[in-house]
Undergrad: 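Handing you this structure, nothing more for now.
We count ligands from 1, going down the list as the structure has it; atoms in each ligand are counted the same way. Residues: numbered from 1 along the sequence shown.
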Amino acid sequence: MADLMLLGLFDNVEIVADVVDDVRALGVDDRQVEVLSNVPYPAKFFGRKAARLWFLPFAVGGALLGALTAFFISKITPQLYPVYVGGQALTPVPPAAIMYFEFVSLFTMLGSFLGFIVQNRFPVMSPRIYDERITDGYIGVTVRASLDVAEKIVEVFEKHGSHVVKREDAANFPSGNRRTFLLWGVAGVAGLVMAAAPLLLTYDVIRIPWIDKMAHTVSVGYQEGPRRAAPAAAIPLQGPVLINGQPASEPLPATENSIRRGEMLYATNCAICHGYGAEKEGATVGNAYFQEAPALETVVAELSDSEIFLTITNGKNRMPSLAENLTPGETWDIVNYLRTLSADATSNADAS
Ligand code: HEC
């Protein structure tokens, strides 16, 4: 005999408790009864058993899984692939403790989250009998019952002043258990596959040709193969800066780039004492000791390129050597930049 699905609407919590009692008295199994409300009333309001809480088992399960993962990574992996580092144990305690903390926290959170989803029986996979008035504050009682009992239940509903009684064929409301089970099964399998996929690469089940061994890469040794001559005007980066007290390199051509580099290097290395222009603007070392640093645009006109190079490299009287800060190439860049200053100075002098 086909079952019926019944829905009654009530506007009062106590009435619902009586309805539930009376329905149970008719011999209806508690699992066939459901109370729907837009407010989360505790189940005992209606004289029903509280729903099982899933948070704790899921959280604890997650924590255990986290501890297991931490154990695997901190203890088993080092045993499988031992790397000895400076006399330390294979599983040093402080990092292992951090792993336990991290994994236990993470998996506890994930477990609680999953418990929350399970608790709410998400997702709902089957149609439900419903009435919009439940959203507005009415409390609904649904009962699945066989035809003959159904009539008595409707009487109970009406006796307690139900506002609406809906009757529908229970075949329209199949239990969603199988579909929910299927959904979670598919999700679980997909998760496992996703977790296992990287292992296929790790254990060379799937091989992707990739240059991961330096021994297999093509290399040209220092003395092998064709060697190109250094371009003209190249500055040696190695070798002495000075030979016999004279620059070991030739001045660089005063290209636009060289002058720009020189300007930046001047700002970093020289301006602190020499400043800019005849007023030495920007010179921040202002005490009497370094007041002696001359304004460069006035002095460099008298000096040869080599003399400037030597002053920067060796220092002079109270000017310190800057050889450690600058390569020969950079030093020539600065010389080129200083030349532009004195050119300005001369043209100014000419103009006046
Ligand atoms: C710590 C401060 C200081 C710094 C930094 C400094 N100088 Fe000097 N410089 C001096 C002083 C002081 C003198 C004067 C030396 C003397 O003749 O007694 C001087 C003198 C000079 C002279 C004139 C040398 C001569 O023969 O008259 C030149 C050229 C010069 N510096 C260039 C530079 C350049 C280029 C830089 C940056 C790469 C630089 N200086 C960085 C303090 C400094």
Undergrad: With a 3.5 Å distance limit and no angle check, can you tell me whether N172 reaches the backbone of E168 through a side-chain donor-acceptor pair?
TA: no

Undergrad: Using heavy atoms and a threshold below 4.0 Å, how should the contact between T331 and ligand 1 be classified: side chain, backbone, both, or neither?
TA: neither

Undergrad: Take atom NZ in K166; do more than 12 heavy atoms of anything else shown fall under 6.0 Å from it?
TA: yes

Undergrad: Enumerate the atoms of ligand 1 whose separation from the nearest heavy atom of P320 is less than 4.0 angstrom.
TA: 1 (C)

Undergrad: May I ask you to list the atoms of ligand 1 that are less than 4.0 angstrom from any heavy atom of N317?
TA: 16 (C), 17 (O), 18 (O)

Undergrad: For ligand 1, is there an N or O atom under 3.5 Å from any N or O atom of N269?
TA: no

Undergrad: Where does the angle between the aromatic ring planes of Y337 and Y266 fall among parallel (under 30°), tilted (30 to 60°) and perpendicular (over 60°)?
TA: tilted

Undergrad: Taking only heavy atoms of I334 into account, list the atoms of ligand 1 that are under 4.0 Å away from them.
TA: 35 (C), 38 (C)

Undergrad: Run the contact test for L338 against ligand 1 with a 4.0 Å cut-off on heavy atoms, strictly below, and give the result.
TA: yes

Undergrad: Do you know which of D21, V20, V16 makes side chain to side chain contact (heavy atoms under 4.5 Å, CB included) with R48?
TA: V20

Undergrad: Counting backbone and side-chain atoms alike, does T311 have an N/O/S atom under 2.8 Å from atom 8 (Fe) of ligand 1?
TA: no

Undergrad: Below 3.5 angstrom, do we get any N/O pair linking H274 and ligand 1?
TA: yes

Undergrad: Taking CZ in R178 as the centre, count heavy atoms belonging to other residues, nucleotides or ligands within less than 6.0 Å. Is the count above 12?
TA: no

Undergrad: Under 4.0 Å from a heavy atom of K316: which atoms of ligand 1 are those, numbered in the order shown and with their elements?
TA: 15 (C), 24 (C), 25 (C), 26 (O), 27 (O)

